[in-house]
Amino acid sequence: MISMYDSFFHAERIYEIRLAFQQQTLPAWINYNTFFHTGQAINGMYPDFTLYPFVRLTNFLTPIHQIIAIKSLIIMATYLVSFITLNKYFDSTNAAFSATIFVLSGGILKDLINEMQTGTSLAMIVAFPLVFCLKDAVESKKIDFKLILEIALLMTFVVNSHLLSIVAISLIVGVCWLINLILKRNFISIVNLGLAALGTIVLSWPIIYRVAKISSTGLNAPFSQGRIESYSLFNFLSGAAWNTKNSISYAAILLLALTIIFLNKKQLTNIMPWFVAEAVIVIFCTNLVPWNLLSNVPIINNFQNSSWRFALYLSVIPVIIFLINFHGKRARLILLLVTILSYGMAFQAAYNAQYQYTAGFPVLTQYSTEDIPTEGVAKLTSTGINSDRITRTLIPDYSPATVKVKDNSNGFSFSDENVETLSHHLAIIDGKKIPMEYSGDSNATILTGTNIPKGTVTLPFFYYKSLNYDVTVNGQKVNIDSSSKGLIKISNKSKQKKLTVRINQKLPMTYLLITIFSTALYLWGLYLVFGKWNK
């Protein structure tokens with residue numbers, strides 16, 4: 001599979017979940033088998049409950065075929081949910097064409113054929129039902145408990161897919177709500193949106209608990225925290241392409257242009273709120289928002305690049321306004337032609353990404369000896385997924401704050417000393433560096449060293465003080481501590497010809513209980529929406 005940039009990152013997250021499910025256990029919060037086997041809390045800090053069913057369903061495949069299948073299933077699910085939603089409001093044939101155009105362009109297509117971002121792609125599955133429900137809530141004039149529950153369920157799906165997406169959506173909705181409140185004075189909408197937000201928090205409690213628990217250790221920030229890049233409106237629009245996540249897609253531009261050129265004035269009142277929402281999203285994508293001032297606001301300061309967080313949603317509204325504006329055979333003919341165009345453009349983009357552009361890139365296996373640069377591209381195989389040759393996965397993100405980051409790297413890399421220690425799996429004993437062999441499974445990382453002298457042993461494994469560990473040395477349980485560099489430290493009381501350390505992080509019982517409770521509550525909510533209240 002062609003892999004680049006964050007594709008390596010998300011492939012290893014999937015791989016860790018895969019191994020846990022093969023052992024019939026819940027995925028751990030720390031990564032035993034990936035990210036250089038350092039026990040980094042990547043999986044714990046990423047909400048991935050919505051990813052679990054896709055991994056479980058495809059676990060019979062080889063790792064690479066599994067990832068390709070997951071990407072394909074996500075795009076199928078996005079199409080299905082989009083079609084069902086649009087079919088509630090518009091002609092069935094037009095809904096089918098529109099859903100096809102949506103998934104064969106923009107960020108949806110890019111996730112399938114280029115850089116993989118499973119969190120945001122999962123969130124886009126519910127884009128259409130969410131946008132319709134949020135519009136109803138913003139314009140609501142009476143308390144609607146079914147609508148409140150629907151929004152809470154959909155927003156929880158987004159939270160369980162990608163945390164920053166929920167922040168971006170909330171900002172968009174907040175501005176649209178404020179505009180509508182000023183114009184129409186419908187204060188009751190505050191109640192509906194407020195209760196929906198409260199319901200989302202309750203249903204998302206496992207993720208909130210998990211992130212809070214890990215974060216209480218004190219963590220290194222994701223790269224570029226506190227520095228949000230943004231572009232001028234001209235530069236943003238000049239980045240348009242058929243498959244893009246950082247700008248507006250050509251398909252969206254085409255649908256918008258057709259709507260404006262052949263505007264049905266009778267539908268202008270219905271279309272205007274959607275145009276306003278699209279304009280709000282465009283503004284959020286650019287430096288028209290003073291992002292330099294917002295770079296100090298907690299959570300928002302993790303946005304890194306404004307267009308990364310908002311441009312995804314620019315392809316949703318053009319579909320809706322086109323369907324509102326056009327009707328009958330005229331709409332069907334246009335959508336048929338655009339659908340045919342979409343298949344052609346998607347095929348061309350896929351061919352360029354998977355064959356033409358990547359023809360000369362290296363194949364990465366367990367036997368590869370050359371490093372893949374941080375910004376490099378490789379043809380990833382099943383045996384190479386967790387390879388230590390992938391320098392992209394030796395990153396400070398969410399490591400303990402006491403682990404030193406390289407100066408002036410904008411949080412993108414560890415200090416040179418830590419890079420050497422972690423990438424070569426070196427134990428440190430009284431200043432002496434001894435290489436450790438690693439192995440592991442879904443429940444633990446095992447580090448093995450030979451001729452280990454007596455003394456304090458600092459292992460190449462992160463220590464999160466807020467987490468509970470079970471560590472054994474040659475089968476005997478031992479106490480652990482944190483070194484000044486944020487790594488696990490143990491005491492070796494005598495010289496060992498062979499030292500085997502097994503490290504396991506135990507999930508809190510509280511987490512397991514609230515996960516069961518929240519899951520049951522979520523399923524009950526689905527029953528109410530699709531069962532009892534749907535009659």
Side-chain angles (χ1 to χ4, degrees), residues 11-44 63 214 365-367 382-390 393-394 398-400 403 418-429 432-465 467-483 485-507:
E12 294 199 350
R13 290 205 307 114
I14 291 172
Y15 185 69
E16 200 78 44
I17 298 168
R18 166 193 176 87
L19 294 180
F21 285 161
Q22 285 181 345
Q23 298 297 317
Q24 303 301 316
T25 63
L26 275 176
W29 292 358
I30 63 175
N31 294 60
Y32 297 122
N33 304 276
T34 53
F35 296 96
F36 282 75
H37 315 272
T38 55
Q40 200 163 355
I42 296 288
N43 275 35
I214 297 170
T365 71
Q366 62 181 325
Y367 305 110
S382 291
T383 63
I385 279 182
N386 62 340
S387 171
D388 288 349
R389 304 271 69 86
I390 306 173
T393 58
L394 186 62
Y398 314 119
S399 60
V403 182
N418 282 327
V419 168
E420 181 189 14
T421 300
L422 299 171
S423 63
H424 294 96
H425 312 287
L426 301 176
I428 302 173
I429 308 168
K432 183 180 180 181
K433 298 176 180 178
I434 298 176
M436 304 287 284
E437 295 291 331
Y438 65 82
S439 60
D441 53 35
S442 61
N443 297 310
T445 288
I446 300 170
L447 297 169
T448 305
T450 55
N451 298 320
I452 305 297
K454 178 182 177 181
T456 300
V457 182
T458 300
L459 298 167
F461 202 92
F462 296 125
Y463 181 50
Y464 295 84
K465 293 181 180 179
L467 303 186
N468 188 15
Y469 291 87
D470 184 8
V471 179
T472 61
V473 175
N474 292 343
Q476 300 295 315
K477 188 171 182 177
V478 298
N479 294 323
I480 63 173
D481 201 355
S482 177
S483 73
K485 297 178 181 179
L487 303 176
I488 284 182
K489 185 171 63 175
I490 61 173
S491 178
N492 181 37
K493 298 181 179 179
S494 62
K495 183 178 180 180
Q496 299 287 341
K497 186 175 181 180
K498 184 177 181 180
L499 187 78
T500 301
V501 184
R502 186 180 187 276
I503 305 171
N504 167 256
Q505 175 255 322
K506 295 188 289 186
L507 294 178

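Numbers for residues simply follow the sequence, beginning at 1.
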Test side-chain contact (heavy atoms from CB on, under 4.5 Å) applied to Ile490 and Thr458, step by step: CA-CA 7 Å; Ile490 61 173; Thr458 300; over 6 Å; no
If every non-hydrogen atom of [X] is compared with every non-hydrogen atom of [Y], which pair is closest and at what distance?
X      : Y      : value
Ile385 : Ala11  : CG2-O, 4.1 Å
Ser482 : Lys465 : CB-CE, 3.9 Å
Val403 : Lys485 : CG2-O, 3.1 Å
Lys489 : Ser483 : CB-N, 4.2 Å
Glu420 : Lys433 : OE1-NZ, 3.0 Å

With sequence neighbours excluded, what pairs up with Lys497 under the side chain to side chain contact (heavy atoms under 4.5 Å, CB included) test? Asn451
Mind checking what makes side chain to side chain contact (heavy atoms under 4.5 Å, CB included) contact with Gln366, not counting sequence neighbours? Thr383
Atom [atom1] in [X], atom [atom2] in [Y]: separation rounded to 0.5 Å?
X      : Y      : atom1 : atom2 : value
Leu459 : Ile480 : CG    : CD1   : 9.5 Å
Thr445 : Arg502 : OG1   : CZ    : 9.5 Å
Leu487 : Phe461 : CG    : CZ    : 10.5 Å
Thr34  : Tyr15  : OG1   : OH    : 9.0 Å
Ile452 : Lys432 : CD1   : NZ    : 8.5 Å

Would you mind reporting whether [Y] and [X] have side-chain heavy atoms less than 4.5 Å apart?
X      : Y      : result
Phe35  : Glu12  : yes
Asp470 : Lys477 : yes
Asn468 : Gln505 : no
Thr421 : Ile428 : yes
Ile434 : Pro453 : yes
Thr448 : Lys498 : yes
Val501 : Ile446 : no
Val473 : Thr500 : no

Before you tell me yes or no, could you show the steps for Ile429 and Asn492 under side-chain contact (heavy atoms from CB on, under 4.5 Å), namely the whole-Å CA-CA distance, both residues' side-chain angles and the distance that decides it to 0.1 Å? CA-CA 9 Å; Ile429 308 168; Asn492 181 37; 5.9 Å; no
Any donor-acceptor pair under 3.5 Å linking the side-chain atoms of [Y] with those of [X]?
X      : Y      : value
Asn31  : Asn43  : yes
Asn33  : Glu16  : yes
His37  : Tyr438 : yes
Ser399 : Gln40  : no

Counting N and O atoms only, with roles assigned by atom type, does the side chain of [X] sit under 3.5 Å from a partner on the main chain of [Y], one being a donor and the other an acceptor?
X      : Y      : result
Thr472 : Gln476 : no
Thr393 : Ile390 : yes
Tyr464 : Ala41  : yes
Asn504 : Asn443 : yes
Thr25  : Ala20  : yes

Stepwise side-chain hydrogen bond (donor to acceptor under 3.5 Å, both in side chains) test for His424 and Asp388: CA-CA 9 Å; His424 294 96; Asp388 288 349; over 6 Å; no
Which of parallel (below 30°), tilted (30 to 60°) and perpendicular (above 60°) describes Tyr463 and Tyr469? tilted
Under the side-chain contact (heavy atoms from CB on, under 4.5 Å) criterion, do Phe462 and Thr38 qualify, and how do the steps go? CA-CA 6 Å; Phe462 296 125; Thr38 55; 3.2 Å; yes
Mind checking what makes salt bridge (Lys or Arg N to Asp or Glu O under 4.0 Å) contact with Glu437, not counting sequence neighbours? none
